[in-house]
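Handing you this structure, nothing more for now.
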Amino acid sequence: MRKFLLPILLIAVSACTFQTKHRGYVFPTTLESDVASIKTVAQLEDKIGNPQVKTVHGDEVWIYYGADENYRGPFPVTYDNRTVLLAWVNGNRVTRTQILHDADLPIVRPAPGETQIPAAIELNALEELFNNIGRFSPAGLGQ
C-alpha cells in the first residue's frame, strides 16, 4: 500500500508550484520621490520609460502598471504589489502624477455570462469544417 501511495503523493506535491512572476513595469523602490521630481516628458521617459497606454479622449494621461502574479499550485492565480502610475501630460510637460497601490485600486469583478456580438454568426463544428473548404491554398503556391 505504501509503495502505491508514495509515488502518488510525490506527484501531487511536485505539481504544487510556488512561483511569482512580475507583470508590467518594475517600479523602483523610490518611486514616490522619483515621480515628485518629474516635470517634463523627457524626464518621465528617462526615469520610468514609455507608457503602456496613452488615453485617447480627454486629457492625455500616460498609464504605467506593474504587479506580481503568484502561482500557488492548483489554487487560482493571485496578484499583489499592484502599482499604477498615472501621469497627465500637456505637450512636453507633466502637469500631474498619481500613484495607486493595492489598497487604492477597486476590485473589479467581471459579469457572469457572455457579451453578445451584434450580427455574429454562430456555426457548429460541421458548418465550420465545410465553411473552411477552399479558403486555403495548397502549400508551395506562394499565394
Side-chain angles (χ1 to χ4, degrees), residues 1-133 135-137 139-140 142-143:
M1 181 78 173
R2 287 184 187 179
K3 290 182 179 182
F4 180 70
L5 287 176
L6 186 61
I8 291 175
L9 183 62
L10 288 174
I11 290 171
V13 170
S14 67
C16 296
T17 60
F18 296 95
Q19 188 177 40
T20 299
K21 292 183 180 178
H22 191 79
R23 299 290 184 206
Y25 281 89
V26 179
F27 292 105
T29 56
T30 58
L31 180 63
E32 282 82 7
S33 62
D34 288 350
V35 168
S37 65
I38 293 174
K39 302 296 180 205
T40 66
V41 170
Q43 290 174 335
L44 180 63
E45 288 177 333
D46 183 48
K47 290 191 178 195
I48 308 296
N50 291 324
Q52 289 168 310
V53 178
K54 292 181 183 180
T55 57
V56 177
H57 300 289
D59 297 338
E60 185 176 0
V61 180
W62 290 14
I63 303 169
Y64 301 85
Y65 175 77
D68 290 336
E69 190 176 57
N70 302 310
Y71 296 95
R72 302 292 184 250
F75 302 110
V77 175
T78 59
Y79 297 89
D80 61 1
N81 297 323
R82 294 175 299 160
T83 304
V84 176
L85 169 62
L86 304 170
W88 281 261
V89 175
N90 186 0
N92 287 331
R93 291 179 343 158
V94 175
T95 58
R96 180 178 154 215
T97 58
Q98 184 176 3
I99 300 169
L100 304 172
H101 296 287
D102 283 330
D104 305 323
L105 298 171
I107 297 172
V108 178
R109 300 202 193 290
E114 297 179 13
T115 302
Q116 294 296 321
I117 300 173
I121 299 172
E122 298 204 14
L123 304 174
N124 63 31
L126 195 57
E127 290 171 329
E128 285 280 350
L129 177 67
F130 285 110
N131 194 32
N132 286 328
I133 293 176
R135 285 194 176 191
F136 306 103
S137 62
Q143 296 178 356

>> Is any side-chain heavy atom of Q98 closer than 4.5 Å to one of W88?
In response: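 Of all side-chain heavy-atom pairs linking Q98 with W88, at least one is under 4.5 Å.
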>> Would the distance check show the side chain of T55 and the main-chain N or O of V61 forming a donor-acceptor pair, the cut-off being under 3.5 Å?
In response: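 Present.
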>> Could you measure the distance from the OH atom of Y79 to the CG atom of D68? Nearest 0.5 Å is fine.
In response: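 With rounding to 0.5 Å, OH (Y79) is 11.0 Å from CG (D68).
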> For D102, what residues pass the side-chain hydrogen bond (donor to acceptor under 3.5 Å, both in side chains) criterion, not counting sequence neighbours?
Replying inline: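 If we apply the side-chain hydrogen bond (donor to acceptor under 3.5 Å, both in side chains) test to D102, skipping adjacent residues, the hits are R82.
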> Between atom CG of N81 and atom CD of E69, what is the distance when rounded to the nearest 0.5 Å?
Replying inline: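 So the CG of N81 and the CD of E69 are separated by 13.0 Å.
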> What distance separates L44 CG from L85 CG, expressed to the nearest 0.5 Å?
Replying inline: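 If I round to the nearest 0.5 Å, the distance is 6.5 Å.
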>> Would the distance check show the side chain of E127 and the main-chain N or O of N124 forming a donor-acceptor pair, the cut-off being under 3.5 Å?
In response: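 Yes, the answer is positive, given that a donor and an acceptor are paired below the 3.5 Å cut-off.
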> Does T30 have any side-chain contact (heavy atoms from CB on, under 4.5 Å) partners at least two apart in sequence or in another chain, and if so, which?
Replying inline: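 With neighbours one apart ignored, the set is P28, S33, D34.
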>> Between Y64 and G49 (side chain of the first, backbone of the second, donor and acceptor by atom type, cut-off under 3.5 Å), is there such a pair?
In response: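 Yes: the side chain of Y64 pairs with the backbone of G49.
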> What pairs with H101 under side-chain contact (heavy atoms from CB on, under 4.5 Å), at least two apart in sequence or on another chain?
Replying inline: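 side-chain contact (heavy atoms from CB on, under 4.5 Å) check on H101 returns E32, T83, I99, D104.
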>> Among residues at least two apart in sequence or on other chains, which ones pass side-chain contact (heavy atoms from CB on, under 4.5 Å) with T78?
In response: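 By the side-chain contact (heavy atoms from CB on, under 4.5 Å) rule, T78 matches N70.
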> Taking side chain as C-beta onward, heavy atoms only, is V94 less than 4.5 Å from Q43?
Replying inline: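 They are not in side-chain contact.
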> Less than 4.5 Å apart, any side-chain heavy atom of I48 and any of L31?
Replying inline: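 Result yes, sub-4.5 Å side-chain heavy-atom pair found.
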> Between L105 and L100, is a side-chain contact (heavy atoms from CB on, under 4.5 Å) present by the stated rule, with each step listed?
Replying inline: CA-CA 7 Å; L105 298 171; L100 304 172; 3.8 Å; yes
>> Taking atom CZ as the centre, does R93 end up with more than 12 heavy-atom neighbours from other residues, nucleotides or ligands that are less than 6.0 angstrom away?
In response: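 Incorrect, the count does not exceed 12.
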> Minimum heavy-atom separation for V84 to L86, with atom names?
Replying inline: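 Taking every non-hydrogen atom into account, CG1-CD2, 3.8 Å.
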>> Can you tell me if N92 has over 12 outside heavy atoms packed within less than 6.0 Å of its CG?
In response: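 No, CG of N92 has 12 or fewer neighbouring heavy atoms, counting only those of other groups under 6.0 Å.
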> side-chain contact (heavy atoms from CB on, under 4.5 Å) with K54: which residues, sequence neighbours excluded?
Replying inline: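 Here the qualifying residues are P51, E60, W62.
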>> Checking Q52 now: which residues fulfil side-chain hydrogen bond (donor to acceptor under 3.5 Å, both in side chains) with it, not counting sequence neighbours?
In response: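 Once residues adjacent in sequence are excluded, Q52 has no partner under the side-chain hydrogen bond (donor to acceptor under 3.5 Å, both in side chains) criterion.
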